[in-house]
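Note that these values count all heavy atoms, side chains included, but never hydrogens, waters or copies made by symmetry. Since the structure is predicted, the reported quantities are computational estimates derived from the model, not experimental observations.
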2 protein chains.
Amino acid sequence: MMDAKKVTALLRKKGFKVTPQRLAIYNVLCNTKAHPNAEMIFNKLQPYYPTMSLATIYKTIDILKEINLIQIINVGEDSLRYDAVVKSHSHIRCTVCNKVEDIMDFDFTPAIKDVAQRTSYDLSGQQFYFYGVCPECQAKANRKIG
Amino acid sequence: MMDAKKVTALLRKKGFKVTPQRLAIYNVLCNTKAHPNAEMIFNKLQPYYPTMSLATIYKTIDILKEINLIQIINVGEDSLRYDAVVKSHSHIRCTVCNKVEDIMDFDFTPAIKDVAQRTSYDLSGQQFYFYGVCPECQAKANRKIG
DNA sequence: TTATGTGCAAAGCCTTTGCAATAAG
DNA sequence: CTTATTGCAAAGGCTTTGCACATAA
């Protein structure tokens, strides 16, 4: 999933050192669709990097964000989540199990055009978040009522 | 702007007491388009309620949210903002001056239909946030560049 | 009268910062 | 060898909580 050589080259090019911790953190983000927050990344790496601290995760995330390898997701929880998929896409959170899923191939264009025209803002980005109950949690609920 | 009788009745109906602080906080939210955060509300009321604490503002906001008199806006800042306009609408934040404006009459329907169909989620809500530079800040920037 | 609300101070939670020891280049 | 990074602990910022006093009903 993660192209280590590419990441290494990019970090060096931008003047950052390449450390096992940085590669590991980025690797976690590349190999999950769970949109983990800092603590989830921490827990995932704990067995392999038992001395790694949350501070390192936050500092690394700053860098990965700066060189555009990850994006930050704010779904209205207490903590932020991170996504190695940088392409603009929206997210949906299940209000029961709290999982966050991607919604790929959602066409922002009409909305952006409409808003740009109506507000005269020079638009630079947007975040669309949807909330609801995922199919799995719907099924569980039905079973209980059943 | 604020219908005091309506708010009073609603609070009582839901089992909450009606206090000057609660009415004042809701009144501030009804009389601004600035989407203030807790501290902004606090500062606004400071001259009139010099002993009011931030804790009271947060507690009141919980209640106003619970009885659906306000909505919470999370535009990716450190603090949350609050809006007495409960009708679903999207927001745009200027990345220069940080003001948050409403985008009314934005039609969510096509997006919601698309997402509902594609994800099989039972949708309950959505938040659309746009980011860019407002016309005023664009003008200022142009003046500087000259 | 009595249950709820206010306001202060303290605590909580996520995130950031300072700094000495460590590792990358 | 030099400079950036790690990891610990402490601090910061927003929000919540506990509790004694005050107030609404």
Side-chain angles (χ1 to χ4, degrees), chain A residues 4-5 7-26 28 35-43 45-67 70 72-82 98 100, chain B residues 4-5 7-28 35-43 45-67 69-70 72-82 98 100:
Chain A
K5 282 187 187 168
V7 180
T8 298
L10 185 57
L11 281 167
R12 290 232 176 84
K13 185 183 150 195
K14 299 280 185 171
F16 297 110
K17 290 186 175 172
V18 179
T19 67
Q21 289 90 335
R22 285 175 182 172
L23 295 177
I25 290 165
Y26 182 59
V28 166
H35 308 86
N37 59 24
E39 199 184 352
M40 290 163 165
I41 299 172
F42 178 81
N43 291 334
L45 290 175
Q46 183 66 14
Y48 311 103
Y49 297 80
T51 66
M52 187 190 287
S53 75
L54 265 173
T56 297
I57 292 178
Y58 282 111
K59 285 170 188 166
T60 297
I61 278 166
D62 277 352
I63 292 173
L64 294 177
K65 168 74 182 138
E66 186 181 332
I67 64 181
I70 63 168
I72 295 173
I73 301 171
N74 185 338
V75 262
E77 295 170 309
D78 292 338
S79 59
L80 299 172
R81 289 167 175 256
Y82 309 101
N98 285 322
V100 174
Chain B
K5 281 188 188 169
V7 181
T8 297
L10 186 56
L11 281 167
R12 290 232 176 86
K13 185 182 148 195
K14 299 280 187 174
F16 297 110
K17 290 186 175 172
V18 178
T19 68
Q21 288 91 336
R22 286 176 182 171
L23 295 177
I25 291 166
Y26 182 60
N27 192 45
V28 167
H35 308 86
N37 58 24
E39 199 183 354
M40 290 161 165
I41 299 172
F42 178 81
N43 291 335
L45 290 176
Q46 184 66 16
Y48 311 103
Y49 296 81
T51 65
M52 187 189 289
S53 74
L54 266 172
T56 297
I57 291 177
Y58 282 111
K59 286 170 188 166
T60 297
I61 278 166
D62 277 351
I63 292 173
L64 294 177
K65 168 74 182 138
E66 186 181 331
I67 65 181
L69 278 179
I70 64 168
I72 295 174
I73 300 171
N74 185 337
V75 262
E77 297 170 309
D78 292 338
S79 59
L80 300 172
R81 289 168 175 257
Y82 309 100
N98 285 322
V100 173

Closer to the 5' end of DNA chain D via nearest nucleotide, is it B/D78 or B/K59? B/D78
Answer yes or no: is there a donor N or O on one side and an acceptor on the other, between the side chain of B/R22 and the main chain of B/K17, under 3.5 Å? yes
When all nucleic acid strands are considered with a 4.0 Å heavy-atom cut-off, which category describes B/Q21: base, sugar-phosphate, or nothing? sugar-phosphate
Which residue, B/Y58 or A/P20, contacts DNA chain D at a nucleotide closer to its 5' end, judged by nearest heavy atom? A/P20
Rounded to the nearest Å, what distance is computed from the CG atom of residue B/N37 to the P atom of nucleotide D/dT16? 13 Å
Within the side chain of A/R81, is there an N or O that forms a donor-acceptor pair under 3.5 Å with the backbone of A/I73? no
State, to 0.1 Å, how close A/N37 and A/S79 come at their nearest heavy-atom pair, and which atoms those are. ND2-OG, 3.0 Å
If I take atom CZ in residue B/F16 and atom P in nucleotide C/dG5, what distance separates them, rounded to the nearest angstrom? 7 Å
Nearest heavy-atom approach of A/P47 to A/P50 is O-CD, 4.2 Å
For B/T56, which contact category applies under a 4.0 Å heavy-atom criterion: base, sugar-phosphate, or nothing? base
With no angle test and no hydrogens, is the base of C/dA3 tied to the side chain of B/K17 by a donor-acceptor pair under 3.5 Å? yes
Quick one: A/K13 NZ to C/dG25 P, roughly how many Å, whole number? 17 Å
